[in-house]
Protein chains: 2
Amino acid sequence: MGKAERDNGKAIQRLRGVGLRPTRQRVELAGVLFKGEDRHVTAESLYEEASQQGLRISLATVYNTLHQFTHAGLLRQVVVDAARGYFDTNTGDHQHFFLEDEGALIDIPGDQISVAGVPTPPAGLTVDRVDVVVRVKRA
Amino acid sequence: MGKAERDNGKAIQRLRGVGLRPTRQRVELAGVLFKGEDRHVTAESLYEEASQQGLRISLATVYNTLHQFTHAGLLRQVVVDAARGYFDTNTGDHQHFFLEDEGALIDIPGDQISVAGVPTPPAGLTVDRVDVVVRVKRA
DNA sequence: TCAATAGTTTAGAATTACTCTAAACTATTT
DNA sequence: AAATAGTTTAGAGTAATTCTAAACTATTGA
(Lines give C-alpha, C1' and ligand atoms only; values in the text may rest on other atoms or scores of the structure.)
Protein backbone atom coordinates (compact mmCIF):
# COMPACT_ATOMS: atom_id res chain seq x y z
CA MET A 1 0.00 0.00 0.00
CA GLY A 2 1.47 3.29 -1.20
CA LYS A 3 1.55 6.63 0.53
CA ALA A 4 -1.34 8.05 -1.46
CA GLU A 5 -3.55 5.19 -0.38
CA ARG A 6 -2.70 5.57 3.28
CA ASP A 7 -3.51 9.28 3.04
CA ASN A 8 -6.75 8.48 1.32
CA GLY A 9 -7.54 6.02 4.03
CA LYS A 10 -7.11 8.73 6.62
CA ALA A 11 -9.33 11.14 4.69
CA ILE A 12 -12.00 8.47 4.36
CA GLN A 13 -11.95 7.75 8.09
CA ARG A 14 -12.17 11.44 8.81
CA LEU A 15 -15.16 11.90 6.54
CA ARG A 16 -16.99 8.88 7.91
CA GLY A 17 -16.25 10.11 11.39
CA VAL A 18 -18.29 13.26 10.79
CA GLY A 19 -21.06 11.47 8.89
CA LEU A 20 -20.09 12.49 5.38
CA ARG A 21 -20.18 9.92 2.62
CA PRO A 22 -16.64 9.61 1.29
CA THR A 23 -17.12 10.43 -2.35
CA ARG A 24 -14.14 10.83 -4.67
CA GLN A 25 -14.47 14.61 -4.65
CA ARG A 26 -14.68 14.93 -0.88
CA VAL A 27 -11.79 12.57 -0.33
CA GLU A 28 -9.65 14.43 -2.84
CA LEU A 29 -10.45 17.85 -1.40
CA ALA A 30 -9.83 16.55 2.11
CA GLY A 31 -6.49 15.29 0.83
CA VAL A 32 -5.56 18.73 -0.48
CA LEU A 33 -6.80 20.56 2.61
CA PHE A 34 -5.59 18.35 5.42
CA LYS A 35 -2.38 16.89 4.03
CA GLY A 36 0.13 19.17 5.67
CA GLU A 37 0.06 22.31 7.75
CA ASP A 38 -2.98 24.38 8.56
CA ARG A 39 -4.04 26.60 5.72
CA HIS A 40 -6.48 29.23 4.54
CA VAL A 41 -8.31 28.88 1.23
CA THR A 42 -11.07 30.52 -0.75
CA ALA A 43 -13.42 28.45 -2.92
CA GLU A 44 -11.71 29.79 -6.01
CA SER A 45 -8.17 29.17 -4.76
CA LEU A 46 -8.99 25.61 -3.74
CA TYR A 47 -10.70 24.96 -7.05
CA GLU A 48 -7.62 26.13 -8.94
CA GLU A 49 -5.26 24.14 -6.79
CA ALA A 50 -7.32 20.98 -7.20
CA SER A 51 -7.60 21.55 -10.94
CA GLN A 52 -3.86 22.00 -11.29
CA GLN A 53 -3.31 18.71 -9.50
CA GLY A 54 -5.46 17.13 -12.16
CA LEU A 55 -8.43 16.54 -9.90
CA ARG A 56 -11.70 16.65 -11.82
CA ILE A 57 -14.15 18.57 -9.75
CA SER A 58 -16.61 21.38 -10.36
CA LEU A 59 -16.54 24.76 -8.69
CA ALA A 60 -20.06 24.15 -7.38
CA THR A 61 -18.81 21.05 -5.61
CA VAL A 62 -15.94 22.97 -4.08
CA TYR A 63 -18.45 25.43 -2.64
CA ASN A 64 -20.71 22.62 -1.42
CA THR A 65 -17.84 20.73 0.10
CA LEU A 66 -16.38 23.74 1.89
CA HIS A 67 -19.75 24.38 3.50
CA GLN A 68 -20.29 20.73 4.39
CA PHE A 69 -16.83 20.51 5.94
CA THR A 70 -17.56 23.69 7.86
CA HIS A 71 -20.85 22.36 9.23
CA ALA A 72 -19.13 19.14 10.12
CA GLY A 73 -16.51 21.04 12.11
CA LEU A 74 -13.61 20.16 9.81
CA LEU A 75 -13.20 23.78 8.68
CA ARG A 76 -13.97 27.19 10.02
CA GLN A 77 -15.13 30.16 8.00
CA VAL A 78 -13.26 33.42 8.51
CA VAL A 79 -14.91 36.72 7.62
CA VAL A 80 -12.29 39.38 6.95
CA ASP A 81 -13.07 40.65 3.50
CA ALA A 82 -16.46 41.77 2.27
CA ALA A 83 -15.59 40.44 -1.17
CA ARG A 84 -14.76 36.76 -0.54
CA GLY A 85 -15.08 34.02 2.00
CA TYR A 86 -12.07 32.32 3.55
CA PHE A 87 -11.95 28.86 5.10
CA ASP A 88 -9.42 27.78 7.70
CA THR A 89 -8.32 24.22 8.38
CA ASN A 90 -7.44 25.27 11.92
CA THR A 91 -10.70 24.96 13.83
CA GLY A 92 -9.19 25.49 17.27
CA ASP A 93 -9.20 28.63 19.39
CA HIS A 94 -7.14 31.20 17.53
CA GLN A 95 -7.27 34.56 15.80
CA HIS A 96 -5.87 36.15 12.63
CA PHE A 97 -3.63 38.69 11.06
CA PHE A 98 -5.18 39.83 7.79
CA LEU A 99 -2.71 41.22 5.25
CA GLU A 100 -4.90 43.71 3.48
CA ASP A 101 -2.55 44.24 0.55
CA GLU A 102 -2.40 40.57 -0.44
CA GLY A 103 -5.61 39.18 1.00
CA ALA A 104 -3.62 36.66 3.05
CA LEU A 105 -4.31 35.31 6.53
CA ILE A 106 -1.85 34.31 9.25
CA ASP A 107 -2.91 32.50 12.40
CA ILE A 108 -2.38 33.95 15.84
CA PRO A 109 -2.46 31.21 18.49
CA GLY A 110 -5.42 31.45 20.82
CA ASP A 111 -3.31 31.48 23.97
CA GLN A 112 -1.38 34.48 22.75
CA ILE A 113 -4.17 36.98 22.36
CA SER A 114 -6.86 37.72 24.93
CA VAL A 115 -10.03 39.76 24.88
CA ALA A 116 -11.33 41.16 28.16
CA GLY A 117 -14.41 43.16 28.99
CA VAL A 118 -16.85 41.66 26.51
CA PRO A 119 -20.19 42.94 27.77
CA THR A 120 -23.18 40.66 28.36
CA PRO A 121 -25.09 40.30 25.09
CA PRO A 122 -28.59 41.75 24.80
CA ALA A 123 -31.30 39.59 26.44
CA GLY A 124 -32.11 36.36 24.65
CA LEU A 125 -28.76 36.18 22.88
CA THR A 126 -25.64 34.17 23.59
CA VAL A 127 -22.09 34.61 22.42
CA ASP A 128 -21.34 32.29 19.55
CA ARG A 129 -17.73 33.34 19.04
CA VAL A 130 -15.41 36.27 19.55
CA ASP A 131 -13.37 37.01 16.46
CA VAL A 132 -10.30 39.19 16.50
CA VAL A 133 -8.83 40.37 13.21
CA VAL A 134 -5.56 42.28 13.28
CA ARG A 135 -5.51 44.16 9.98
CA VAL A 136 -1.98 44.89 8.83
CA LYS A 137 -0.56 46.67 5.81
CA ARG A 138 2.78 47.67 4.35
CA ALA A 139 4.61 49.95 6.78
CA MET B 1 -33.01 80.37 8.74
CA GLY B 2 -34.84 77.10 9.31
CA LYS B 3 -33.62 73.93 10.92
CA ALA B 4 -33.08 72.13 7.65
CA GLU B 5 -30.83 74.89 6.42
CA ARG B 6 -28.71 74.92 9.55
CA ASP B 7 -28.30 71.18 9.28
CA ASN B 8 -27.37 71.53 5.65
CA GLY B 9 -24.89 74.19 6.61
CA LYS B 10 -23.27 71.78 9.03
CA ALA B 11 -23.13 69.01 6.48
CA ILE B 12 -21.58 71.40 3.95
CA GLN B 13 -18.91 72.50 6.41
CA ARG B 14 -18.20 68.91 7.26
CA LEU B 15 -17.78 67.93 3.62
CA ARG B 16 -15.57 70.91 2.81
CA GLY B 17 -13.55 70.12 5.88
CA VAL B 18 -12.53 66.76 4.44
CA GLY B 19 -12.04 68.09 0.91
CA LEU B 20 -15.24 66.78 -0.64
CA ARG B 21 -17.22 69.02 -2.94
CA PRO B 22 -20.61 69.50 -1.32
CA THR B 23 -22.92 68.26 -4.02
CA ARG B 24 -26.64 67.93 -3.40
CA GLN B 25 -26.35 64.15 -3.11
CA ARG B 26 -23.47 64.19 -0.65
CA VAL B 27 -25.09 66.86 1.48
CA GLU B 28 -28.35 64.96 1.58
CA LEU B 29 -26.71 61.64 2.45
CA ALA B 30 -24.59 63.34 5.11
CA GLY B 31 -27.84 64.74 6.49
CA VAL B 32 -29.37 61.29 6.73
CA LEU B 33 -26.25 59.69 8.18
CA PHE B 34 -25.08 62.28 10.68
CA LYS B 35 -28.31 63.84 11.85
CA GLY B 36 -28.82 61.95 15.08
CA GLU B 37 -27.22 59.05 16.84
CA ASP B 38 -24.51 56.82 15.49
CA ARG B 39 -25.79 54.22 13.12
CA HIS B 40 -24.93 51.29 10.89
CA VAL B 41 -26.10 51.14 7.28
CA THR B 42 -25.62 49.08 4.17
CA ALA B 43 -25.62 50.68 0.72
CA GLU B 44 -29.03 49.21 0.04
CA SER B 45 -30.55 50.27 3.37
CA LEU B 46 -29.28 53.83 2.98
CA TYR B 47 -30.54 53.98 -0.58
CA GLU B 48 -34.00 52.90 0.51
CA GLU B 49 -34.08 55.30 3.42
CA ALA B 50 -33.02 58.22 1.22
CA SER B 51 -35.55 57.25 -1.44
CA GLN B 52 -38.36 57.09 1.10
CA GLN B 53 -37.48 60.59 2.26
CA GLY B 54 -37.96 61.70 -1.31
CA LEU B 55 -34.29 62.25 -2.03
CA ARG B 56 -33.44 61.66 -5.67
CA ILE B 57 -30.22 59.72 -5.80
CA SER B 58 -28.97 56.65 -7.59
CA LEU B 59 -27.75 53.48 -5.95
CA ALA B 60 -24.39 53.90 -7.68
CA THR B 61 -23.99 57.28 -6.02
CA VAL B 62 -24.83 55.80 -2.64
CA TYR B 63 -22.01 53.29 -3.14
CA ASN B 64 -19.61 56.00 -4.33
CA THR B 65 -20.51 58.28 -1.47
CA LEU B 66 -20.16 55.61 1.20
CA HIS B 67 -16.66 54.86 -0.04
CA GLN B 68 -15.69 58.52 -0.32
CA PHE B 69 -16.96 59.21 3.19
CA THR B 70 -15.01 56.21 4.42
CA HIS B 71 -11.76 57.37 2.78
CA ALA B 72 -12.36 60.82 4.20
CA GLY B 73 -12.68 59.37 7.70
CA LEU B 74 -16.36 60.25 8.10
CA LEU B 75 -17.41 56.60 8.12
CA ARG B 76 -15.85 53.29 8.93
CA GLN B 77 -16.45 50.06 7.13
CA VAL B 78 -17.28 47.04 9.25
CA VAL B 79 -16.67 43.56 7.87
CA VAL B 80 -18.83 41.02 9.63
CA ASP B 81 -20.77 39.33 6.89
CA ALA B 82 -19.38 37.89 3.69
CA ALA B 83 -22.60 38.83 1.93
CA ARG B 84 -22.81 42.60 2.46
CA GLY B 85 -20.81 45.60 3.57
CA TYR B 86 -21.75 47.68 6.59
CA PHE B 87 -20.77 51.27 7.27
CA ASP B 88 -20.66 52.83 10.73
CA THR B 89 -20.99 56.53 11.50
CA ASN B 90 -19.02 55.94 14.68
CA THR B 91 -15.39 56.22 13.60
CA GLY B 92 -13.95 56.22 17.10
CA ASP B 93 -12.34 53.37 18.98
CA HIS B 94 -15.01 50.73 19.52
CA GLN B 95 -16.04 47.19 18.65
CA HIS B 96 -19.22 45.32 17.71
CA PHE B 97 -21.78 42.76 18.58
CA PHE B 98 -23.03 41.14 15.40
CA LEU B 99 -26.52 39.63 15.64
CA GLU B 100 -26.17 36.81 13.16
CA ASP B 101 -29.89 36.09 12.95
CA GLU B 102 -30.89 39.62 11.95
CA GLY B 103 -27.72 40.97 10.43
CA ALA B 104 -27.69 43.84 12.93
CA LEU B 105 -24.74 45.55 14.61
CA ILE B 106 -24.51 47.01 18.11
CA ASP B 107 -21.57 49.11 19.25
CA ILE B 108 -19.38 48.11 22.17
CA PRO B 109 -17.53 51.14 23.56
CA GLY B 110 -13.79 50.98 23.07
CA ASP B 111 -13.02 51.56 26.73
CA GLN B 112 -15.14 48.58 27.70
CA ILE B 113 -13.38 45.90 25.73
CA SER B 114 -9.65 45.32 25.60
CA VAL B 115 -7.39 43.12 23.51
CA ALA B 116 -4.05 42.05 24.95
CA GLY B 117 -1.22 40.01 23.53
CA VAL B 118 -1.42 41.05 19.90
CA PRO B 119 1.87 39.79 18.48
CA THR B 120 4.24 41.95 16.44
CA PRO B 121 3.19 41.78 12.79
CA PRO B 122 5.50 40.14 10.24
CA ALA B 123 8.42 42.33 9.13
CA GLY B 124 7.49 45.26 6.91
CA LEU B 125 3.90 45.39 8.13
CA THR B 126 2.17 47.62 10.63
CA VAL B 127 -1.10 47.23 12.45
CA ASP B 128 -3.83 49.19 10.77
CA ARG B 129 -6.61 48.26 13.15
CA VAL B 130 -7.68 45.53 15.54
CA ASP B 131 -11.27 44.51 15.00
CA VAL B 132 -13.24 42.52 17.53
CA VAL B 133 -16.56 41.03 16.49
CA VAL B 134 -18.67 39.34 19.14
CA ARG B 135 -21.01 37.09 17.19
CA VAL B 136 -24.24 36.43 19.05
CA LYS B 137 -27.31 34.38 18.25
CA ARG B 138 -30.61 33.39 19.82
CA ALA B 139 -29.99 31.54 23.09
C1' DT C 1 -21.15 87.20 -14.13
C1' DC C 2 -20.32 83.69 -16.97
C1' DA C 3 -17.87 80.58 -19.67
C1' DA C 4 -14.26 77.07 -19.07
C1' DT C 5 -12.84 73.14 -16.44
C1' DA C 6 -12.73 69.84 -13.33
C1' DG C 7 -15.17 66.92 -10.74
C1' DT C 8 -19.80 64.34 -10.07
C1' DT C 9 -23.88 61.72 -11.05
C1' DT C 10 -26.42 58.34 -13.37
C1' DA C 11 -28.65 54.51 -16.09
C1' DG C 12 -27.62 50.56 -17.53
C1' DA C 13 -24.24 47.12 -18.63
C1' DA C 14 -20.70 44.33 -16.59
C1' DT C 15 -18.48 41.71 -13.06
C1' DT C 16 -17.85 38.74 -9.16
C1' DA C 17 -18.83 35.52 -5.85
C1' DC C 18 -21.91 32.47 -4.93
C1' DT C 19 -26.39 29.55 -5.13
C1' DC C 20 -29.89 26.87 -7.47
C1' DT C 21 -31.84 23.29 -10.51
C1' DA C 22 -32.64 19.10 -12.31
C1' DA C 23 -30.57 15.46 -14.75
C1' DA C 24 -26.77 12.18 -14.59
C1' DC C 25 -24.05 9.68 -11.49
C1' DT C 26 -22.30 6.84 -7.39
C1' DA C 27 -22.05 4.99 -2.68
C1' DT C 28 -24.65 2.18 0.29
C1' DT C 29 -28.25 -0.95 1.41
C1' DT C 30 -31.04 -4.92 0.65
C1' DA D 1 -27.01 -6.72 -8.47
C1' DA D 2 -30.97 -3.92 -8.20
C1' DA D 3 -33.03 -0.37 -5.46
C1' DT D 4 -32.50 3.84 -3.01
C1' DA D 5 -30.65 7.58 -1.13
C1' DG D 6 -27.39 10.85 -1.44
C1' DT D 7 -23.95 13.47 -4.60
C1' DT D 8 -22.10 15.92 -8.49
C1' DT D 9 -22.33 18.94 -12.24
C1' DA D 10 -23.17 22.29 -16.12
C1' DG D 11 -25.31 25.97 -16.75
C1' DA D 12 -28.70 29.29 -15.45
C1' DG D 13 -29.79 32.49 -11.87
C1' DT D 14 -29.04 35.91 -8.13
C1' DA D 15 -27.27 39.61 -5.21
C1' DA D 16 -24.00 42.92 -4.22
C1' DT D 17 -21.09 45.81 -6.19
C1' DT D 18 -18.32 48.17 -9.87
C1' DC D 19 -17.73 50.13 -14.41
C1' DT D 20 -18.61 53.21 -18.38
C1' DA D 21 -19.36 57.14 -20.75
C1' DA D 22 -22.58 60.71 -21.44
C1' DA D 23 -25.09 64.35 -19.07
C1' DC D 24 -24.77 67.39 -15.36
C1' DT D 25 -23.00 70.76 -11.66
C1' DA D 26 -19.79 73.12 -8.50
C1' DT D 27 -15.83 75.94 -8.71
C1' DT D 28 -12.47 78.89 -10.91
C1' DG D 29 -10.74 82.72 -13.27
C1' DA D 30 -11.27 86.52 -16.42
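Numbered from 1 within each chain, the chains take letters A, B, ... in sequence-line order.
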Touch class at under 4.0 angstrom, heavy-atom based, for [X] against every strand present:
X     : value
B:A82 : nothing
B:R84 : sugar-phosphate
A:I57 : sugar-phosphate
B:T61 : base

Dot-bracket notation for DNA chain C, counting Watson-Crick and G-U pairs under 3.5 Å, with | for partners on another strand: ||||||||||||||||||||||||||||||
N or O in side chain of A:H67 less than 4.0 angstrom from C:dT19 OP1/OP2: yes
Minimum heavy-atom distance between B:I57 and B:Y47, given as atom pair plus value: O-CE1, 3.2 Å
Nearest-nucleotide 5' precedence on DNA chain C, B:R21 against A:A83: B:R21
Can [X] and [Y] be counted as an ion pair, charged N to O under 4.0 angstrom?
X      : Y      : result
B:R129 : A:E100 : no
A:R138 : A:D101 : yes
A:K137 : B:D128 : yes

Residue met sooner reading DNA chain D from 5', once B:R24 and A:T65 are mapped to nucleotides: A:T65
A:F87 six-ring centre to A:R76 NZ/CZ under 6.0 Å and within 45° of normal: no
Specify the separation, in whole Å, of atom [atom1] of [X] and atom [atom2] of [N].
X     : N      : atom1 : atom2 : result
A:Y86 : C:dA17 : OH    : P     : 10 Å
A:L59 : C:dC18 : CG    : P     : 9 Å
B:R56 : C:dA11 : CZ    : C1'   : 15 Å

Covered region of DNA chain D, 5' end to 3' end, by chain B [heavy atoms, under 4.0 Å]: D:dA16 to D:dT27
Among B:V78, B:I108, B:V132, the one residue meeting side-chain contact (heavy atoms from CB on, under 4.5 Å) with B:H96: B:V78
Flag if over 12 foreign heavy atoms under 6.0 Å of CD, A:Q13: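 Yes, the 6.0 Å shell around CD holds more than 12 heavy atoms from other groups.
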Check: A:H40/A:N90 side-chain N/O donor and acceptor closer than 3.5 Å: no
Spacing of A:E49 atom CD and A:L33 atom CG [to the nearest 0.5 Å]: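 Result: 8.0 Å between the selected atoms.
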